[in-house]
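Chain identifiers are assigned alphabetically (A, B, ...) following the order of the sequence lines, protein sequences preceding nucleic acid strands; residue numbering begins at 1 within each chain. Being a predicted model, the structure only gives us computed values, none of them experimental.
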2 protein chains.
Amino acid sequence: MSDTTQMLKGILDGCLLAIIKEGEIYGYELAAKLESYGFRSLSEGTIYPLLLRMQKEGLISATLRKSTAGPKRKYYTLTEKGEQELVMFIGRWEQVSSSVDNVLNKRGI
Amino acid sequence: MSDTTQMLKGILDGCLLAIIKEGEIYGYELAAKLESYGFRSLSEGTIYPLLLRMQKEGLISATLRKSTAGPKRKYYTLTEKGEQELVMFIGRWEQVSSSVDNVLNKRGI
DNA sequence: TTAAATACCTTGCAATACAAGATATACTTT
DNA sequence: AAAGTATATCTTGTATTGCAAGGTATTTAA
């Protein structure tokens, strides 16, 4: 109850969409990218199931490519549906985050 | 997958703490207050179990008082532990929300 | 007395982050 | 060759939590 686990629910998927939109990227690299944006180190048990789920929902699509330093990488790109979902995510985020900021700054109505 | 349900996880408790800190308040009023801050209408099935949980954890304490227009009201106040938890919540929120904003504004590193 | 607004609670479900453990490839070191 | 290390992905099971649905009780107004 004292970490950010619960707080990440419902925002990680949107953040992944936003990063993938910037350019084709694979899971292992994504985890590092999230850290560079300020997220604490995220478990692979979080990233991979999430990517698979989003692919199954048709938000992203994947292609396998050989790597020079390990097993094949699974590169993801946004689908049309994924772009739409990203737009809706941003709307949700702005509504919720501004509400929280209102509460913390004590500016009701 | 297109509402803010998941996004509220891990932030509602902190928001309740912040509002209760402003002054003694009861559950039914709290729901209205949250709306005035920008949250969409929250179910009583969300508010009451959450208040009971926080009371059980010792973050808030309650006293019953008669009402002029209905059954007794349960007024909540912050405990010392609740104040500490609020401070920690604010820290978590600032870390996470700034990370999300970084991702959405594409400002890595 | 019937209705409506107020006020609180309980049960069960669904969604999701994550720990733990497994598998496989390429390169480097011994 | 063999072993180790970094890279890269996946699966299973668990804990937490928002919320719908349904229930109870009190006060005032119609």
Side-chain angles (χ1 to χ4, degrees), chain A residues 1-17 24-34 39-57 59-60 62-76 85 89 92 96 99-100, chain B residues 1-17 24-35 39-57 59-60 62-76 89 92 96 99-100:
Chain A
M1 218 291 222
S2 63
D3 64 340
T4 57
T5 293
Q6 295 303 320
M7 208 178 268
L8 294 179
K9 292 188 178 182
I11 70 165
L12 264 187
D13 53 353
C15 290
L16 291 205
L17 290 176
E24 213 178 32
I25 193 172
Y26 59 100
Y28 199 78
E29 197 184 2
L30 242 168
K33 197 96 171 182
L34 281 168
F39 287 96
R40 68 147 206 210
S41 183
L42 287 165
S43 161
E44 298 175 359
T46 299
I47 302 286
Y48 291 116
L50 180 50
L51 286 170
L52 290 173
R53 197 185 83 216
M54 294 200 298
Q55 186 182 4
K56 198 173 294 175
E57 287 173 1
L59 304 175
I60 54 179
T63 54
L64 285 172
R65 297 242 186 78
K66 266 183 274 184
S67 164
T68 55
K72 287 184 182 173
R73 295 168 176 166
K74 204 166 170 182
Y75 285 87
Y76 289 99
E85 173 57 29
F89 165 77
R92 288 199 301 275
V96 169
S99 298
V100 175
Chain B
M1 219 290 220
S2 64
D3 65 341
T4 57
T5 293
Q6 295 302 321
M7 209 176 266
L8 294 179
K9 293 190 178 182
I11 71 165
L12 265 187
D13 53 353
C15 290
L16 291 204
L17 290 177
E24 214 179 32
I25 194 172
Y26 59 100
Y28 200 76
E29 198 185 1
L30 241 168
K33 198 97 171 182
L34 281 167
E35 263 188 273
F39 287 96
R40 69 148 206 210
S41 184
L42 287 166
S43 162
E44 297 177 359
T46 300
I47 301 286
Y48 291 116
L50 179 50
L51 286 170
L52 290 173
R53 197 186 85 215
M54 294 199 300
Q55 186 180 7
K56 198 172 294 174
E57 287 174 1
L59 303 176
I60 54 180
T63 55
L64 285 172
R65 297 242 185 78
K66 267 183 273 185
S67 163
T68 56
K72 286 183 182 175
R73 295 168 176 166
K74 204 167 171 182
Y75 284 87
Y76 290 99
F89 165 77
R92 289 200 300 274
V96 169
S99 298
V100 175

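- With sequence neighbours left out, the side-chain hydrogen bond (donor to acceptor under 3.5 Å, both in side chains) criterion links A:E24 to A:R65.
- Judged as a side-chain contact (heavy atoms from CB on, under 4.5 Å), and not counting sequence neighbours, the contacts of B:E35 are B:S41.
- Note on B:R53: a side-chain N or O is less than 4.0 Å away from OP1 or OP2 of D:dT17.
- Between D:dT9 and A:Y48, a contact under 4.0 Å exists linking OP1 or OP2 to a side-chain N or O.
- Atom NZ of A:K74 is separated from atom C1' of C:dA24 by 15 Å (rounded to the nearest Å).
- We find that CG of A:D13 is positioned 11 Å from C1' of C:dA15, with the value rounded to whole Å.
- Of the inter-residue distances, the one linking A:L34 atom CG with A:L16 atom CG reads 6.0 Å to the nearest 0.5 angstrom.
- Remark: A:E29 pairs with no residue by the side-chain hydrogen bond (donor to acceptor under 3.5 Å, both in side chains) rule, at least two apart or across chains.
- Within 4.0 Å (heavy atoms only), A:I47 reaches no atom of the nucleic acid at all.
- Two residues, B:L52 and A:G10, neighbour DNA chain C, and the one matched to the more 5' nucleotide by heavy-atom proximity is B:L52.
- The nearest whole Å value for the distance from the NZ atom in B:K56 to the C1' atom in D:dT16 is 14 Å.
- Here D:dG18 presents its C1' atom at 11 Å from CD1 of B:I11, a figure rounded to the nearest Å.
- In this structure, B:Q55 places its CD atom 13 Å from C1' of C:dC8, rounding to the nearest Å.
- As rounded to whole Å, 11 Å separates atom P of C:dC18 from atom CG of A:L34.
- The side-chain hydrogen bond (donor to acceptor under 3.5 Å, both in side chains) search around A:R40 returns none, not counting sequence neighbours.
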Would you give a per-nucleotide map of nucleotides 19-29 of chain D, 5' to 3', where B means the base has a protein non-hydrogen atom under 4.0 Å away, S means only the sugar-phosphate does, and - means neither? BBB---BBSS-
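- The CE atom of B:M7 sits 15 Å away from the C1' atom of C:dA17 (whole-angstrom rounding).
- Remark: B:Q55 engages B:L52, B:I60, B:A62, B:K74, B:Y76 in a side-chain contact (heavy atoms from CB on, under 4.5 Å) (not counting sequence neighbours).
- By the side-chain hydrogen bond (donor to acceptor under 3.5 Å, both in side chains) test, B:Y26 is found to be paired with B:R73, residues two or more places apart in sequence or in another chain being considered.
- Between the side chain of A:K9 and the base of D:dT16, a donor-acceptor pair under 3.5 Å is found.
- Atom CE in A:M54 sits roughly 15 Å away from atom C1' in D:dT9 (whole-Å rounding).
- Looking at residues 24-32 of chain B, you'll see that no heavy atom sits under 4.0 Å from any atom of DNA chain D.
- Separation of atoms CG (B:L17) and CE (B:M54) is listed at 5.0 Å; rounding is to 0.5 Å.
- With sequence neighbours left out, the side-chain contact (heavy atoms from CB on, under 4.5 Å) criterion links A:K9 to A:Q6, B:Q6, B:K9.
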